[in-house]
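In what follows, a structure is listed as structure tokens, so that the remarks can point back to it.
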Amino acid sequence: MIPTYVTGFPRIGKKRELKSALEAFWAHKFPFHEVQNLAKSLRQKHWQYQSNSHINYIACNDFSYYDNMLDTMVMLGAIPKRFCDILDPVERYFAMARGDTTHQAMEMTKWFNTNYHYIVPELSMAMDLHVDISKITNEYVEAKNLGITPKINLIGPLTFLALSTCEGNDNFAYFDAILEAYATVFKQLSALDSHLIIQCDESFLAKTPEPKQLSLLKIAYEKLGHIAPHIDIAVVTYFDHAKEAVEILGNCPIWAIGLDFVYGEENLEALCYIQGKKLIAGLIDGRNVWKNNALKTASLITRIGEVIPKDQLIFSTSCSLLHLPYSIQEETKLDTCIKEKLSFAVEKLHELSELSHFFEAPIAYSEPVCTQPSSTSKPKLTHYTRSAYKTRESLQTKVLNLPLFPTTTIGSFPQTKEIRSLRSAFKRGELSAEAYEKAIQNAIKACVAFQEEIGLDVLVHGEFERNDMVEYFGEQLEGFAFSENGWVQSYGSRCVKPPLLYGSVSRKHPMTVEWITYAQSLSDKPMKGMLTGPVTILNWSFVRDDIPKSEVAYEVAQAIADEIDDLQRHDIKIIQVDEAAFKEGYPLRVEKIKAYEKWAVDSFKMAVNSAWDQTQIHTHMCYSNFNDIIHTIEQMDADVITIETSRSGNKLLKVFQKVGYKAQIGPGVYDIHSPRVPSVEEMREQIEAFLHVLPKEQLWINPDCGLKTRGQEEVKASLKNMIEAVHSFR
Ligand code: GLN
Ligand code: ZN
């Protein structure tokens, strides 16, 4: 039998118990020792699931009250100076994560290409590193008391360093100090038991590491590998292949190398470098919800087995199961045809454990009872029929007749408590369709009236009918399903419930036409139709993996194209196709970027291909740095792009000038992420700065993202100021 290994397990709780406990604690309604008790019982349950599935290597220290990177800072004593005045460790921990009245929270960003966010370490030379392994010790002893000898999960030193922001901007300058602290951690841990396994997550190795990083990798594991003979180190990578690193790790004094064969099949080419070490082969998909494809896994194992002897093999999940919901047992309403395709974290444990018999008994492969074919007429971008930008521009100018520096917003207006309860009452069936429609119409009416009153040029309906920009479309399209409890941790106590894109996607009926045409009927100004683009819909869903992602994207694109056509036939002249998640879908590996860009651009173009030349297509993206992807953005060929540059002034806009970008741009004159009202003067300065790099004819004036999370009063004041700022320029 081949031993089984689980990289890590979710921690928020099957019913998001940790979320409730933390939020009650933050609201001063629950003492911290109660949160600790709950955390302990969650850890027990999670270990129990794994031992019930006969998993051989089970982790401790994969638990966290907020985030594992933050835990690592605490373990190393890498506490930024500005938090050192807080003496209570619990208070300090959450102040670092969330800020408090006197401390600004630390920055948070996406964990590689997942939707999990970690706290970004801030290293400075003055930092006095002080190792503290108490969290690990507690969890280790807890597991031992349950009869489980766990491995210890750590973020590896190189990954910790690579993901930190460092004073002086030279991360390598901190290498010695960080490595020394890790060495101390290892020394202290060595007293815990007579034999220990320490897992070091070196996930940055999947991101095309630089030669310098690879040489430090060698130095790091040479050192850590020699700390104590009874410590076995497993260096684990995931989310893509880590070919360059394998050769180096193969020569380090470590016990095992963990490689992801689901998202990094190229790892097969590096097997010859594993030397005599254990190979932790990531075979069960840790980030998607579908049942394992046994045939594919069997072929992978066979190929691995040709190079690696059986007694060196360990089978594992492709990455931590953190990125998955708990269990399909929690789903009572899903169609059986969908349910039978699914496997969440707990089910993945069973799938993994079944693999352990691979060499004695071949894996049973049964065709699912309900198969979902992809559409027979495969959509493809064959002819892109929109005319050249200049032609479209002159037609649009005639039709729209907008002033210089046209003003608009990104789509959503504040979602008040009343709006939210309206939607949920309707969903629960407590509100009739007529009453709901009337109420949303009233919200639209008020929103349009306000925009007219302050003199915006291109109006929006406000998105009051939407809970979420992907869910709204998923709910109306064929091919999507929604779980009841499929929560996945996004950051801290926050979770998201991604739609399940399980089947062939198509549009059953118009999705937005009614709301948009209603809004348009209230005003003579152009009303902007508001859609979510195919790439964003895919990146924020669990997408079927039985056909290529590009094919799924084209199906979604076709549905959006149909909607665009409907809108323009109803006299909507401007349509925005949001691609908020376009950039986060980029692959980690440089060599895979081209293929992604190809289907991402093609599916966007396919979505907007139905637009007549005089229909103005906008897109919106939630980031600012376009340096690497400017040519891809050009290829998308939108008439107007609105982006999030408000925090960086015109610095990041220069690239549009540099490449001679022809279309129109709304760079975002103020930051909607902070609750303050920007002054007229401030926005004037911002517009002034934009004009240094962009011709006035190309410039749109708008906030930098949707206003949904903001308060009504501040939004009104901010937009009024924005309009006033524009007037002086006209
Ligand atoms: N139209 C969406 C909104 O305004 C865009 C959201 C986003 O960029 N994330 O809410
Ligand atoms: Zn945005």
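Just so you know, ligand 1 is whichever comes first in the structure, and atom 1 is the first atom listed for that ligand.
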For the pair Phe729 and Lys696, evaluate side-chain contact (heavy atoms from CB on, under 4.5 Å) and give the outcome as yes or no after the intermediate values. CA-CA 10 Å; Phe729 285 91; Lys696 57 184 186 308; over 6 Å; no
With a cut-off of 4.0 Å, which atoms of ligand 1 are near a heavy atom of [X]?
{"X": "Met530", "answer": "1 (N)"}
{"X": "Met469", "answer": "6 (C), 7 (C), 9 (N)"}
{"X": "Gly706", "answer": "3 (C), 4 (O), 10 (O)"}
{"X": "Cys705", "answer": "7 (C), 8 (O)"}
{"X": "Asp578", "answer": "1 (N), 2 (C), 5 (C)"}
{"X": "Ile410", "answer": "1 (N), 4 (O)"}
{"X": "Gly411", "answer": "4 (O)"}

Does a sphere of radius 6.0 Å around NZ in Lys508 hold more than 12 heavy atoms from other residues, nucleotides or ligands, not counting ones at 6.0 Å or beyond?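 Enclosed: over 12 neighbouring heavy atoms sit under 6.0 Å from NZ of Lys508.
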Non-hydrogen side-chain atoms of Lys592 and Tyr586 separated by less than 4.5 Å: no
Nearest to atom 10 (O) of ligand 1, what protein heavy atom do you find, and at what distance?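 I find the closest protein heavy atom is Ser412 OG, 2.7 Å.
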Which one holds for Cys622 and ligand 1: side chain close, backbone close, both close, or neither close, with close meaning a heavy atom under 4.0 Å? side chain
Checking Asn702 against Thr408 for the side-chain hydrogen bond (donor to acceptor under 3.5 Å, both in side chains) test, could you report, in this order, the C-alpha distance in whole Å, the side-chain angles of both residues, the deciding distance, and whether it holds? CA-CA 5 Å; Asn702 46 262; Thr408 191; over 6 Å; no
Contact (N/O only, under 3.5 Å) between Lys708 and ligand 1: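 No; the residue has no nitrogen or oxygen that sits under 3.5 Å from a nitrogen or oxygen of the ligand.
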Short N or O distance, Glu463 and ligand 1, threshold 3.5 Å exclusive: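 Yes - when backbone and side-chain N and O of Glu463 are compared with those of ligand 1, one distance drops under 3.5 Å.
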Working to 10°, measure the angle at the Zn ion (ligand 2) formed by atom SG of Cys622 and atom SG of Cys705.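 My answer is 120°, to the nearest 10°.
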Counting only N and O atoms by type, is there a donor-acceptor contact under 3.5 Å from the side chain of Asp67 to the main-chain atoms of Ile119?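 Yes.
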Is the distance between the ring centroids of Tyr116 and Tyr491 less than 6.0 Å?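 No, ring centres 6.0 Å or more apart.
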Suppose we call two aromatic rings close when their centres sit under 6.0 Å apart. Are His570 and Tyr518 close by that rule? no
To check you understand the geometry: which heavy-atom pair defines the closest contact between Pro534 and Val556, and what is its length?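 Looks like CA-CG1, 3.8 Å.
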For the Zn ion (ligand 2), find the closest N/O/S atom belonging to His620 and write down its atom name. NE2
Arg423 NZ/CZ over Tyr436 ring centroid, <6.0 Å and within 45° of normal: no
